[in-house]
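The next block holds one structure in the form of structure tokens; read it before the comments.
Worth knowing before you read on, the calculation uses all heavy atoms, side chains too, and leaves out hydrogens, waters and symmetry mates.
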There are 2 protein chains.
Amino acid sequence: MTPTPPPTTGPVSPSVSDAELLRLDHQVCFSLHAASRAFGGVYRDALKDLGLTYPQYLAMLVLWEHGPQPVKAIGEQLRLDSGTLSPLLKRLEAAGLVRRERSPEDERSVTVHLTDEGAELRERALPVPRRILAATGLSVEEILGLQQLLGRLTGALDGAQG
Amino acid sequence: MTPTPPPTTGPVSPSVSDAELLRLDHQVCFSLHAASRAFGGVYRDALKDLGLTYPQYLAMLVLWEHGPQPVKAIGEQLRLDSGTLSPLLKRLEAAGLVRRERSPEDERSVTVHLTDEGAELRERALPVPRRILAATGLSVEEILGLQQLLGRLTGALDGAQG
DNA sequence: CACAATCAAGTTGTGCACAACTGAATAGGG
DNA sequence: CCCTATTCAGTTGTGCACAACTTGATTGTG
């Protein structure tokens, strides 16, 4: 019955129709979107006691792991620009967790430091990941596989546009 | 003050320290977050010509697939509440793609219909998924596997809290 | 019937994401 | 040395996500 639908583009099996892809696509993009927001919900609960949002927690992870660094470096690790980071870091500063200082060598740059309070918060954050990992219901192996696949995916998508 | 590493939860290998998990966790949550946003960027490009954002496209997919339905039903399929959907649908209505009508049977409910213009937009959206799929650099099999894993993940996370 | 509980959609307020832009500082080329 | 281009952080504006709340309709129970 199929008079061979148009072989529009390269690597994708051309035996699948556009109309079918519109549904498959629904599933893929939606699955990722939903998973990301479901993660956000679980983190919201886990981080409530710490007074952090999920992206604020990501920023704190960077500082806990790698110490004081400029806004730009944090942005590169989280793939966020200053339009997102500037207000986020100001909120962390208002909460007393970080300090922002103009770099003396380069007056354009602002270095973000942990305060004592911010450094101490790490202790209270330590049990969070185990809680999250348990909530995923996945094995460590599956998590690692997912991570690797997502890494490849992000690399390809970033390369395609952006 | 536990000298023994806490056997806190069940399925997670207790041989991994909290400190290591704090880094693993960084990778997992971050990978998903980054992948989701990378997807958003590619969709942004692909949907620019259609004048749709990514979440607006998701809402249109639901209407293209399943026809007119109440706001609540759309919200259940996209896992979005009225706080997100109400303004989004108002923007789609302002763009002339949908119409919203109070249901005569239940005056609380608002049914969302496609306009002719909204229905026609589907034709122009047909090539989008193939473009996205190509940008992922993944095979259809990998996509399906990812989808399935993400579905399990979302189910577990939604069950854990939310 | 009356009235409390529930339900749908919408509103408000906070925070994130990102494009487009501003302003100040620095680096580089003539 | 000057002047242009680039870089970094920040600001503005739009849209999404979600909690908490409001409003009006419906349902259920006494």
Given 3.5 Å as the limit, does a donor-acceptor pair link the side chain of B/Thr115 with the main chain of B/Leu97, or not? yes
NA contact type, [X], heavy-atom cut-off 4.0 Å: base, sugar-phosphate, or nothing?
X       : answer
A/Pro87 : nothing
B/Lys90 : sugar-phosphate
B/Leu88 : sugar-phosphate

Rounding to an integer number of Å, can you tell me how far [X] [atom1] sits from [N] [atom2]?
X        : N      : atom1 : atom2 : answer
A/Ile74  : D/dC8  : CD1   : C1'   : 13 Å
A/Gln69  : D/dA9  : CD    : P     : 11 Å
B/Tyr43  : C/dA19 : OH    : C1'   : 21 Å
A/Asp158 : C/dC18 : CG    : P     : 10 Å
B/Leu52  : D/dG15 : CG    : P     : 12 Å
A/Phe39  : D/dC18 : CZ    : P     : 15 Å
B/Leu85  : C/dG10 : CG    : P     : 9 Å
B/Lys48  : D/dT14 : NZ    : P     : 19 Å

Please confirm whether the shortest side-chain N or O distance from A/Lys72 to OP1 or OP2 of D/dG10 is below 4.0 Å. no
Please determine whether a side-chain nitrogen or oxygen atom of A/Arg100 lies at a distance below 4.0 Å from atom OP1 or OP2 of D/dG10.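 Checking A/Arg100 against D/dG10: at least one side-chain N or O falls below 4.0 Å of OP1 or OP2.
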Would you call [X] and [Y] a salt bridge, using N to O less than 4.0 angstrom?
X        : Y        : value
B/Arg99  : B/Glu101 : yes
B/Asp45  : B/Arg131 : no
B/Glu107 : B/Arg102 : no
A/Arg130 : B/Asp18  : yes

Which nucleotide in the set [options] lies at the smallest distance from any side-chain heavy atom of [X]?
X       : options                : result
A/Arg37 : D/dC18, D/dG10, C/dT11 : D/dC18
A/Pro55 : C/dA8, C/dA17, D/dA17  : C/dA17
A/Leu80 : C/dA9, C/dG15, C/dA17  : C/dA17
A/Ser82 : C/dA17, D/dG10, D/dC18 : D/dG10
A/Thr53 : C/dG15, D/dA9, C/dT11  : C/dG15

Treating primed atoms plus P, OP1 and OP2 as sugar-phosphate and everything else as base, which nucleotides of nucleotides 21-28 of chain C get B, S or - for protein heavy atoms under 4.0 Å? ----BS--
Residue pair B/Arg102/A/Asp81 against DNA chain C: nearer the 5' end by closest nucleotide is B/Arg102
Please figure out whether A/Gly83 or B/Glu76 has its closest DNA chain C nucleotide nearer the 5' end. B/Glu76
When you look at CZ of A/Arg23, are more than 12 heavy atoms from neighbouring residues, nucleotides or ligands closer to it than 6.0 Å? no
Would you say CD of A/Gln148 has more than 12 non-hydrogen atoms from neighbouring residues, nucleotides or ligands within 6.0 angstrom? no
For A/Arg44 and A/Ser109, find the nucleotide of DNA chain D closest to each by heavy atoms; which residue's nucleotide sits nearer the 5' end?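 Mapping each residue to its closest nucleotide by heavy atoms, the 5'-most match is A/Ser109.
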Can you label the angle between the A/Tyr54 ring and the A/Tyr43 ring as parallel, tilted or perpendicular, going by 30° and 60°?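 Judged by the thresholds at 30° and 60°, the geometry between A/Tyr54 and A/Tyr43 is tilted.
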